[in-house]
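Keep in mind it's a predicted model, so treat the numbers as computed, not measured. Quick note: numbers below take in every heavy atom, side chains included, and nothing from hydrogens, waters or symmetry partners. Chain letters run A, B, ... following the sequence lines, proteins first, then strands; residues in each count from 1.
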Amino acid sequence: MKFRKLSLFTISLMLLMLTGLSGWVRDAAAEGAPGKTYVIGTDITFAPFEFQDASGKFVGIDMDLLEAIAKDQNFKYEIKPLGFNAAVQALEAKQVDGVIAGMSITEERKQKFELSEPYFQSGVVMAIGKNNDSVKSYEDLQGKKVAVKTGTEGYRFAESIAAEYSFTIVPFDDSAQMYEDVKTGNSVACFDDYPVLAYGVNQNNGLKIVTEKEVGGSYGFAVNKGMNQELMNKFNAGLANLQTNGQYDQILEKYLGENASQPVQQSRWGLIMESLPALLNGLGKTLLYTIVSLFIALIFGLIFGFMKVGRNRFLRGVATVFVDLFRGIPLIVLAFFIYFGIPQAFGFTMPLFLAAILTLSLNTGAYVTEIIRGGIQSIDRGQMEAARSLGLPYRKAMIKIIIPQAIRIMIPALINQMVITLKDTSILSAIGLVELTQSGKIIIARTFASFDIWLVVAIMYLLVITILTKLSGYLERRAHRG
Amino acid sequence: MGKIRIEGLHKSYGSNQVLKGIDMQVQEGEVVCLIGPSGSGKSTFLRCINRLEEITAGRVTVDDHDLNDPKTNINKARENIGMVFQHFNLFPHFSVLKNIMFAPMELGKMNAEQARTTALRLLERVGLVDKAESFPSQLSGGQKQRVAIARALAMNPDVMLFDEPTSALDPEMVGEVLGVMKDLAREGMTMVIVTHEMGFAREVADRVVFMDGGYIIEEGAPEEVFGNPKNERTISFLEKVL
């Protein structure tokens, strides 16, 4: 029975690894083949270039352009909404074939990537809170804080004039957070590309634009140097065709013209109801990743926990290194390292789900190892001695006498760990995992309804965690009775 | 069966020498009581007799088993050596009955039916049949220790080791445990007992061994050691405890 359970663990673990492996082997095999599906990384919250509409579809200038170009040039692609920084890192790590994310063409990027012909002429503007009348020019920023988005032209521009006008830069990862910081008054202004801010203002993001457009760079589509040249050629050719046949202007008109769609006036409740399916979907992902990771972490914990209490000095050392390593690295750094770092170093594609699960399982596994070690070592030494003195071998004594008692001691700590892991899945939104937090971010990027959406997200976490804790408490009491 | 032979036994923890050369033989059916001040090494000595402590030098033989020979199956040897601990060490997640049935069944000595019959017979012997379905947490100290004795006896050992079996008990419960031990002695069990119960030692022991500082200082029949101690340290110890 014991053996059957153990082999079940092993089989599931291997299945998981296999599906993961086949994922990237398949990707690798598809390289260069005709009809290849290109994976294109993009931002999640860069309206009007890319954002999710109410039905969950990615739309925007970049998305429509790409769709039209792909049609024109007859290639298939798949969009990976990762966030701007993650998308660029994913490109560097060869996790995606190309990036279209309102990316400005700069000398720096030209060094690293192959960039397309410019497809949009942009420029940086400054926006402040709608009801703010005191800031009219850069001079008024003295001693104030200014919100910017990392890796953008707005950031570079703000940086270039920060000393001159003596303001402080507060960097954010996406536009919605940046706007929020200005709306709440933490920062007095923000800098971003003109179309982005104009669109946001159009959608009632609570800001207004107060400066003229600084003459700025242009946007381009990026692939890695020496790779996907074919894709680049197609992009340039398709772009030229669209510009000739007028489709290009239509797309721009759709998002930036006078007749650009105004937001549908919607009640707060209506917005929440509309967002619920996406949020519930995200919650499902959160639960799925939590459960799978906990399961694997438990296996890690059992293996390394027993190595730690065992008598073999070498294995004890291995387990100690495991715990110190994965407990000592912040989860977000571990996620970046696994998803971006390792694939870049070894030149393969890591599926997102595998990276997410590995990150969570290794981190949680380190904690579970300590819980299991602590549980076993908390059992009085006399129990082992009594069992051994009756003639029981070490393993039998461990399995029948020590572990059943240790489990009861471990349960509260394991429940605690489960709650932590569930909440920690939100950190994986940084590598583009669309779980509950990321789902919230995406909706806010479109609607700017921070309060309502974060409230719903918080309540969802709270509800699920409360239910799980109560359930576990019930099981724990039963275990004590039984 | 039930012979113990100890030759040149040394035991150190790092640089701390606890046992400094002990030779002793215990005959079949003999009851030996180890007495001495705390820290004299008597508990450590007892724990070497079933290899709960690894010895530093010397030889411990119980019946035909040289306990520290790598070729010896220590688990097999221990089946024949029962041990009772100061703090009982009952298995808290098992009922009283299961505590007693567990080892014989787990080690393939008996099937469930035989184990149950044996356990109930042993419980009757220690006067606790009515507690068969209780859990250790529901028992008094004296009851726990009697269950622990029954648990050790279930493996049908030839030797029983007792490590201060009454030290953790309230005074009114000491008697019930000593009573069970007296019965065992009378039935011819080979017993080595570390104890502070001098009255019990005088009454039950065939031989009393006085230890101090890692050595056996003096040994002999109880009336010899208690009535006419020869060594100064024995005299001074007995003056304090009697």
### Lys/Arg-Asp/Glu bridge criterion (N-O < 4.0 Å) met for B:Glu124, B:Arg121
no
### Message
For B:Arg59, is there an ion pair with B:Glu7 - N to carboxylate O distance below 4.0 angstrom?
### Response
yes
Quick one: do the [X] and [Y] side chains pair a donor with an acceptor below 3.5 Å?
{"X": "B:Thr72", "Y": "B:Asp66", "answer": "no"}
{"X": "A:Tyr339", "Y": "A:Thr359", "answer": "no"}
{"X": "A:Ser293", "Y": "A:Thr364", "answer": "no"}

#### Entry: Quiz item: cation-pi between A:Lys470 and A:Tyr474, 6.0 Å / 45°
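Here A:Lys470 fails the 6.0 Å and 45° test against A:Tyr474.
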So what's closer than 4.5 Å to chain A heavy atoms on [X]: side chain, backbone, both or neither?
{"X": "B:Arg51", "value": "neither"}
{"X": "B:Leu161", "value": "neither"}
{"X": "B:Phe94", "value": "side chain"}
{"X": "B:Ile81", "value": "backbone"}
{"X": "B:Phe91", "value": "both"}

### Message
Counting heavy-atom pairs under 4.5 Å with chain A, which one of B:Ala77, B:Pro92, B:Ala152, B:Gly82 comes out on top?
### Response
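Between B:Ala77, B:Pro92, B:Ala152, B:Gly82, the count favours B:Pro92.
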### Task
Using a cut-off of under 4.5 Å on heavy-atom pairs, state which of B:Glu79, B:Met155, B:Glu106, B:Met83 scores highest against chain A.
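Among B:Glu79, B:Met155, B:Glu106, B:Met83, the one with the most close pairs to chain A is B:Glu106.
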### Query
Given the options A:Leu392, A:Asp380, A:Ile401, which has more heavy-atom pairs under 4.5 Å with chain B than any of the others?
A:Ile401
